[in-house]
Amino acid sequence: MALVNDHFLKINDTYLFVDIAKKVNAFCVSHPKTRVISLGIGDVTQPLCPAVIEAMHKAVDEMGTKESFRGYGPEHGYDFLREAILRNDYLARGIRLDISEIFINDGAKSDTGNFQELLRWDNSVGVTDPIYPVYIDSNAMIGRAGICEKGRWSNVTYFPCTAENGFVPQIPDRRVDMIYLCYPNNPTGTVLPKEELRQWVNYALRNDTLILYDAAYEAYIQDVTIPHSIYEIKGARRCAVEFRSFSKTAGFTGVRCGYTVVPKELTASTIDGSRHISLHQLWGRRQATKFNGTAYVAQRAAEAIYTPEGKKQVRQTIDYYMGNAAFMREALGQLGFAVYGGRNAPYLWVKTPKGIPSWKFFEEMLYGAAVVCTPGVGFGPSGEGYFRITAFSERDDCREAMQRIASWMKGG
Ligand SMILES: *Cc1c(COP(=O)(O)O)cnc(C)c1O
């Protein structure tokens with residue numbers, strides 16, 4: 001008899017966005033004439049830019065002739081893309097990496113979820129709270145997170161990020177083996193100033209902690225003082241992995257391409273502490289066994305983002321989304337909401353009025369204004385009393401959503 005991995009039974013069998021979709025469907029059934037505006041799900045809406053489309057067409061044509069057809073590629077990615085990443089995302093910011101430290105992936109979700117596999121099941125885990133659910137769930141699946149009671153996992157250390165601490169997590173006063181940081185942050189849309197990030201790196205170096213740094217929203221940073229990469233901090237090469245994705249940068253959510261940086265100095269210890277094992281080597285080995293590379297067409301598409309036209313076009317789309325964010329920040333602020341984030345990230349994190357619980361507010365706004373948000377508590381206990389609004393929508397929808405919320409709040 002095949003026995004199930006019972007750690008899977010401890011995690012929610014539905015995903016936050018499935019719960020939301022169910023509630024929205026119920027509303028649509030009872031209000032068939034109402035058009036619901038969704039500011040909820042974190043998917044992009046604008047099409048791929050022309051430079052990317054052109055590169056993809058060309059790559060598809062290459063696949064159609066014997067001479068230029070490509071089969072299995074190198075499992076860690078093609079050098080044309082790794083070189084473009086190295087030059088544009090790192091050397092241009094004064095960060096030196098070796099090309100072999102860049103592992104092309106099929107999106108950051110896979111790698112942020114998979115990387116923990118290199119670490120023993122009994123390492124302790126720390127996360128900022130609220131958080132992208134993948135980090136905890138992937139640890140829970142192998143039993144590292146303990147058991148979940150009232151939305152809290154017994155073996156996870158939570159670093160609350162709330163309006164009270166300005167969304168800056170407090171450095172723990174004891175050792176944690178693995179820590180997930182995501183900046184710019186999903187869901188709060190807030191960023192970590194360089195000085196704060198430096199403190200996390202120093203903490204990690206002192207405690208032999210591994211930082212798993214998710215920089216999926218790096219392209220949305222507007223403030224020049226905010227770090228784009230954790231490797232802008234001295235010593236980070238010895239304590240951090242960095243995950244990047246073209247999903248939000250260039251609308252690749254349906255194309256699937258990103259990358260993970262694993263520096264060669266990065267190690268984890270054997271249980272008796274006698275040896276330090278290279279995580280670069282282990283990750284390479286893991287990928288060689290379980291991953292066979294990202295599609296050639298997707299990698300050519302990603303390469304095109306780094307051309308002069310590609311850069312300009314990608315920037316235009318990001319500016320469009322950030323225009324939405326600025327517009328909604330202003331509108332919600334005028335309605336008296338306490339609004340956070342949205343300056344260096346495509347997310348607004350908003351306090352519910354009068355401390356209404358997240359799900360209750362979600363339903364009230366759905367039924368009162370036919371606007372969908374994401375309940376903050378879905379991202380962790382510290383998200384209770386907040387909701388998330390995304391800037392990934394059409395400007396006209398943002399306008400109409402804000403008008404509807406305004407007239408609903410005024411009781412009209
Ligand atoms: C969207 C997102 C990603 C990227 O996921 P992909 O698999 O690359 O599409 C990674 N991390 C966070 C926090 C995200 O919100």
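Whatever order the structure lists them in is the order used to number ligands and atoms, beginning at 1. The figures here come from the full heavy-atom set of this structure, side chains too, leaving out hydrogens, waters and symmetry mates. Please read these numbers as outputs of a predicted model, since none were measured by experiment.
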If I take atom OG from residue S138 and atom CD from residue Q116, how far apart are they, to the nearest 0.5 angstrom? 5.0 Å

Salt bridge (Lys or Arg N to Asp or Glu O under 4.0 Å): pairs with one or both residues in residues 303-315, sequence neighbours excluded: R300-E303

If you count every heavy atom of other residues, nucleotides or ligands that lies below 6.0 Å from R343 atom CZ, does the total exceed 12? no

Could you check if a side-chain atom of E330 sits within less than 4.5 angstrom of a side-chain atom of M402, using non-hydrogen atoms only? no

Parallel, tilted or perpendicular: which fits the ring planes of Y231 and Y90, with parallel below 30° and perpendicular above 60°? tilted

Given a heavy-atom cut-off of 4.0 Å, could you list the residues near ligand 1 in chain and number order? G107, A108, K109, Y132, Y135, C182, N186, D214, A216, Y217, S245, S247, K248, R256

Heavy-atom side-chain contact between L39 and L348 under 4.5 Å: no

